[in-house]
Structures are given as structure tokens and as C-alpha cells.
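The structure appears right after this line, and notes come after that.
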Amino acid sequence: MVNIFAVYKPLLRLLIKLVGMRPQTVEIEPGTVMNFWVPNETPYKSKNSNNKAVVFIHGFGADGIITWQSQVLALARKFKVYVPDLVFFGGSFTDRSERSPEFQAECVAKGLKKLGVERCSLVGLSYGGMVGFKMAEMYPDLVESMVLTCSAMALTKSISDAALERIGFKSWSDYLLPDSVQGVKIFFDIATFKLPWIPNFFYKHYLEVMFDNREQREELLKALVIDDKDFTIPHHPQRVHLLWGENDIIFNMEVVNNLMRQLGDRATLQYIEKAGHLVEVEQPCVYNKHLKEILTTLLEDGHQKQRNL
């Protein structure tokens with residue numbers, strides 16, 4: 001039987017092209033290459049541009065366009081959408097030994113600058129949200145605002161241990177890098193509010209194509225968890241909007257409430273009912289509606305600030 005994802009991916013790429021995007025490979029530096037989906041049109045470099053860039057950063061379960069397909073198809077005609085594949089996902093790679101979220105943030109930021117992006121709003125899911133927080137901290141002139149979904153500022157040991165206990169795993173690699181059909185099924189079952197019946201060949205085919213670069217991804221996961229004593233809450237000048245699956249058990253209400261306390265009055269929070277960690281997949285229409293409203297408001301606020309200058 002032909003792998004359904006081997007058939008689906010070319011069809012998805014065609015659909016993405018039809019909404020005005022194209023794939024582009026960017027050399028970040030010699031030995032480090034990152035793949036992006038970018039708008040067909042050259043980005044406006046003027047600070048008075050009406051077309052602010054929106055950058056979608058994926059989580060650990062899939063590459064950029066698989067993760068964000070519903071959002072890209074819904075929003076690419078209204079916003080300048082950029083979708084990177086993080087290093088060791090979707091063909092992006094490096095020969096450097098760095099595996100930290102800071103390195104991923106550095107690669108995305110350098111890639112965007114090479115693509116002509118001067119200011120952007122970030123949309124990050126889970127691991128991608130942690131990379132996004134690092135980008136906002138390291139490149140405040142690039143990152144204007146953020147929309148974070150089911151994530152944390154950093155995966156401290158206390159957050160990590162509590163989350164692993166809730167989902168019943170000893171390590172993140174055991175959960176996020178399954179090596180069996182049953183492991184893939186458990187992966188989705190935990191990450192969703194209510195997993196519908198799906199035939200086993202779906203999980204088998206997903207296993208065959210979505211978990212390459214296992215050794216390097218294990219290293220990414222090891223570099224992700226940090227000691228609590230090594231974490232200091234950074235000051236983010238950006239506005240942060242939290243768009244959360246109400247039934248997420250990985251980063252649950254305790255995690256999001258703690259994140260709101262850390263962010264203070266810079267943050268807003270909105271829950272989406274009947275959705276777990278993969279809220280953008282489970283409730284794409286609701287998620288897209290809220291996301292479009294948030295991004296439109298951010299765009300209007302940006303225009304108002306420019307008029308006041």
C-alpha cells in the first residue's frame with residue numbers, strides 16, 4: 001500500500017502554492033540550511049507597509065507546513081505568511097553541534113532577515129512557542145508580537161517532570177519520538193481532546209515518514225529541559241496572546257496560569273473548548289477565527305502607532 005502521506009504531501013504543497021506561497025531554501029551560514037514557505041511577492045521593506053509578516057513556528061510532532069496547513073490556507077491571502085522548518089525538521093539541517101532553542105531562534109531570525117523581513121508577529125505551538133520566546137528575547141526589533149499556543153517560556157525541570165507524570169512517560173523522547181504504531185497512536189491520543197477512530201495504517205504511515213533525524217531530535221529534546229535555578233524570567237516588551245486548548249493535559253491550566261503571571265499585563269488568554277494540545281488541528285475553524293481576529297487587531301495597532309510617530 002502506498003504511504004498516504006507520500007501522496008498527500010505533494011497535494012498539500014500544490015494547495016499552498018495556490019494561495020500564493022512557494023518553498024524556499026535559505027542558507028543561514030555555511031553548513032546550516034533552513035527551509036521556508038514564503039509569499040510569492042517580495043516582502044515590503046518599508047516600515048509603513050500594510051502587510052506585516054506572520055511567522056508560524058511548528059512544534060515537535062511534524063514539520064511546518066503539516067502542522068500549520070489549515071492556518072496557512074485560511075490566512076495566506078490576508079497576511080504575509082512565513083513558515084520555517086526548524087533545524088532537523090522538513091529537510092532543514094546543520095553541521096554545528098548546537099541543539100538549544102536559542103540556536104533554533106537564531107536560525108529562524110537570520111533566515112527571516114535574509115528573506116527581507118524586518119518586523120513580524122510570531123505564532124508558535126508548543127516547542128515552537130519556546131523557540132518564539134527566545135526569538136522575542138534575542139531579537140526584540142524583529143519580533144513585534146506573539147501568539148503562543150500550548151507552550152511555556154522555557155521547559156524547566158519542574159514543568160517537564162510534572163507534564164511527563166501527567167502523560168505517563170519517563171522522558172520526552174519516549175513520547176515525542178515513538179518507534180511503533182501503538183506509540184504513534186498514544187502520541188495523538190494524549191495530544192488531543194477526543195481522538196476519533198483512525199485506521200492503523202494511518203499511524204503506520206505517519207511513523208514511516210514523520211520521525212527522521214531521530215538522533216538529532218533526541219539531542220534537541222535533551223537541550224530543551226533546563227534546571228529551574230538556571231531560568232530567569234526575561235522581560236518581553238512584546239504583546240503576547242495565549243490561545244490554548246482548554247483540555248490540554250501536557251501544558252495544562254496550571255502551566256498557562258503560571259505563564260500569565262510571568263507575562264503580567266502584557267498578555268491575554270483565550271481558551272478553545274473541546275481541544276487538547278493540538279488545538280489548531282482539532283478545532284481549526286475556531287482557532288483560525290480567533291487567530292485572524294488577534295492578528296488583525298495587532299496589525300491595526302501597528303498602523304496606529306506608525307501614524308502617531
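Quantities reported herein were computed from a predicted structural model and do not represent experimental measurements.
Side-chain N or O atoms of N288 include one that pairs as donor or acceptor with a backbone N or O of P284 at under 3.5 Å. No side-chain donor-acceptor contact under 3.5 Å links E273 to the backbone of E246. Side-chain atoms of E282 come within 3.5 Å of backbone atoms of G276 as a donor-acceptor pair (strictly under, hydrogens ignored). A side-chain donor-acceptor contact under 3.5 Å links D63 to the backbone of I66. No donor-acceptor pair under 3.5 Å is formed between the side chain of R22 and the backbone N or O of V38. Remark: the backbone N or O of H205 is paired with a side-chain donor or acceptor of N3 at under 3.5 angstrom. Of the possible polar contacts, one joining the K114 side chain to the E27 backbone as a donor-acceptor pair under 3.5 Å is found. In this structure, the side chain of N257 engages the main chain of M253 through a donor-acceptor pair within 3.5 Å. Looking at S92, its side chain never comes within 3.5 Å of a backbone N or O of F88 through a donor-acceptor pair. Remark: side-chain polar atoms of R96 are not paired, donor with acceptor, to backbone N or O of T32 under 3.5 angstrom.
Heavy-atom contacts from other residues, nucleotides or ligands closer than 6.0 Å to CD of E29 number more than 12. Remark: K274 NZ is loosely packed, at most 12 non-hydrogen atoms of other residues, nucleotides or ligands lying under 6.0 Å away. Atom CD of Q216 is surrounded by more than 12 heavy atoms from other residues, nucleotides or ligands within 6.0 Å. Other residues, nucleotides and ligands place no more than 12 heavy atoms under 6.0 Å from the NZ atom of K204.
A donor and an acceptor atom, one from each side chain of Y287 and T149, are located under 3.5 Å apart. Between the side chains of H277 and S126, at least one donor-acceptor pair of N or O atoms lies under 3.5 Å.
I226 and A154 make their closest contact through CD1-CB, 4.0 Å (heavy atoms, listed as atom of the first residue, atom of the second, distance). Taking every heavy atom of both residues into account, C107 and V87 meet most closely at SG-CG2, 4.0 Å. Considering all non-hydrogen atoms of both residues, L142 and M135 come closest at CD2-CE, 3.9 Å. For Y139 against A105, the heavy-atom pair with the smallest separation is CE1-O, 4.1 Å. Annotation for V55 and P84: closest pair CG1-CD, 3.9 Å, computed over non-hydrogen atoms. Scanning all heavy atoms of the two residues, the minimum distance from E137 to P234 falls at CD-CB, 3.7 Å.
Using the six-membered ring where Trp is involved, F187 and F211 have ring planes that are perpendicular, over 60° apart on the 30 and 60° scheme. Ring geometry for F60 versus Y127: interplanar angle over 60°, hence perpendicular rather than tilted (30 to 60°). F5 and Y206 have perpendicular rings, their planes meeting at more than 60° on a 0 to 90° scale where under 30° would count as parallel.
Tracing side-chain contacts under 4.5 Å through hydrophobic residues (I, L, V, M, F, W, Y), one never reaches V7 starting from M210; they form parts of separate clusters. Under the 4.5 Å side-chain heavy-atom criterion for ILVMFWY residues, a single connected hydrophobic cluster contains both L177 and V225. Side-chain heavy atoms closer than 4.5 Å link hydrophobic residues (I, L, V, M, F, W, Y) into clusters, and following such links, possibly through other members, connects M1 to V181. Y271 and F193 are not part of a single hydrophobic cluster, where members link through side-chain heavy atoms under 4.5 Å apart. No single ILVMFWY cluster, assembled from side-chain heavy atoms under 4.5 Å apart, contains both M21 and L11.
With sequence neighbours excluded, the residues that form a salt bridge (charged side-chain N to carboxylate O under 4.0 Å, His left out) with E219 are R99.
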message: Checking L242 against M260 for the side-chain contact (heavy atoms from CB on, under 4.5 Å) test, could you report, in this order, the C-alpha distance in whole Å, the side-chain angles of both residues, the deciding distance, and whether it holds?
response: CA-CA 9 Å; L242 306 180; M260 283 291 291; 3.6 Å; yes
- request: Take D248 and V279 through the side-chain contact (heavy atoms from CB on, under 4.5 Å) test and state the conclusion after the steps.
  value: CA-CA 8 Å; D248 183 10; V279 55; over 6 Å; no
- request: Could you walk me through whether V54 and K80 pass side-chain contact (heavy atoms from CB on, under 4.5 Å), step by step?
  value: CA-CA 6 Å; V54 180; K80 294 284 187 182; over 6 Å; no
CA sep, side-chain torsions, deciding dist, call: E218, R214, salt bridge (charged side-chain N to carboxylate O under 4.0 Å, His left out): CA-CA 6 Å; E218 282 192 26; R214 283 179 174 270; over 6 Å; no
message: Applying side-chain contact (heavy atoms from CB on, under 4.5 Å) to V108 and F103, what does each step give before you reach the verdict?
response: CA-CA 9 Å; V108 175; F103 177 63; over 6 Å; no
message: Please determine whether side chain to side chain donor-acceptor pair (under 3.5 Å) holds for the pair E98 and S100, giving the CA-CA distance in whole Å, both sets of side-chain angles, and the decisive distance to 0.1 Å.
response: CA-CA 6 Å; E98 286 88 344; S100 67; over 6 Å; no
message: Under the criterion ring pair (Phe, Tyr, Trp, His ring centres under 6.0 Å), I'd like the reasoning laid out for F36 against Y82: C-alpha separation, chi angles, the key distance, then a yes or no.
response: CA-CA 7 Å; F36 283 79; Y82 293 78; 7.3 Å; no
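By the 4.5 Å heavy-atom criterion applied to side chains, L164 and K170 are not counted as neighbours. Counting heavy atoms from C-beta on, the side chains of L155 and M130 come closer than 4.5 Å. F188 has its side chain out of reach of I190: every pair of non-hydrogen atoms, C-beta onward, lies at least 4.5 Å apart. Here the side chains of N213 and F93 are not in contact, with every heavy-atom distance at 4.5 Å or above. Two residues are said to be in side-chain contact when any heavy atoms from C-beta on lie closer than 4.5 Å; I65 and L12 meet this criterion. Here the side chains of E280 and Q69 are not in contact, with every heavy-atom distance at 4.5 Å or above. The shortest side-chain heavy-atom distance between K78 and K292 falls under the 4.5 Å cut-off. In this structure, Q24 and L115 have side chains that are in contact, with non-hydrogen atoms separated by less than 4.5 Å.
Taking OG of S145 as the reference point, atom CZ of R239 lies at 10.0 Å (rounded to 0.5 Å). Here the CG-CD1 distance, from L122 to I57, works out to 4.5 Å after rounding to the nearest 0.5 Å. Here OG of S151 is found 7.5 Å from CG of L259. Values are rounded to the nearest 0.5 Å. Separating the CG atom in L291 from the OG1 atom in T296 is a distance of 9.0 Å, to the nearest 0.5 Å. The NZ atom of K9 sits 16.0 Å away from atom CG of L14, with the distance rounded to the nearest 0.5 Å. The CE atom of M34 sits 8.0 Å away from atom CG of D85, with the distance rounded to the nearest 0.5 Å.
Within the cation-pi definition used here (under 6.0 Å to the ring centroid, within 45° of the axis), R217 qualifies as a partner of F89.
Residue F56 is tested with W68, W37, F79 for a ring pair (Phe, Tyr, Trp, His ring centres under 6.0 Å); the sole match is W68.
Using a cut-off of 4.0 Å between Lys/Arg side-chain N and Asp/Glu carboxylate O, K157 and D161 are scored as salt-bridged.
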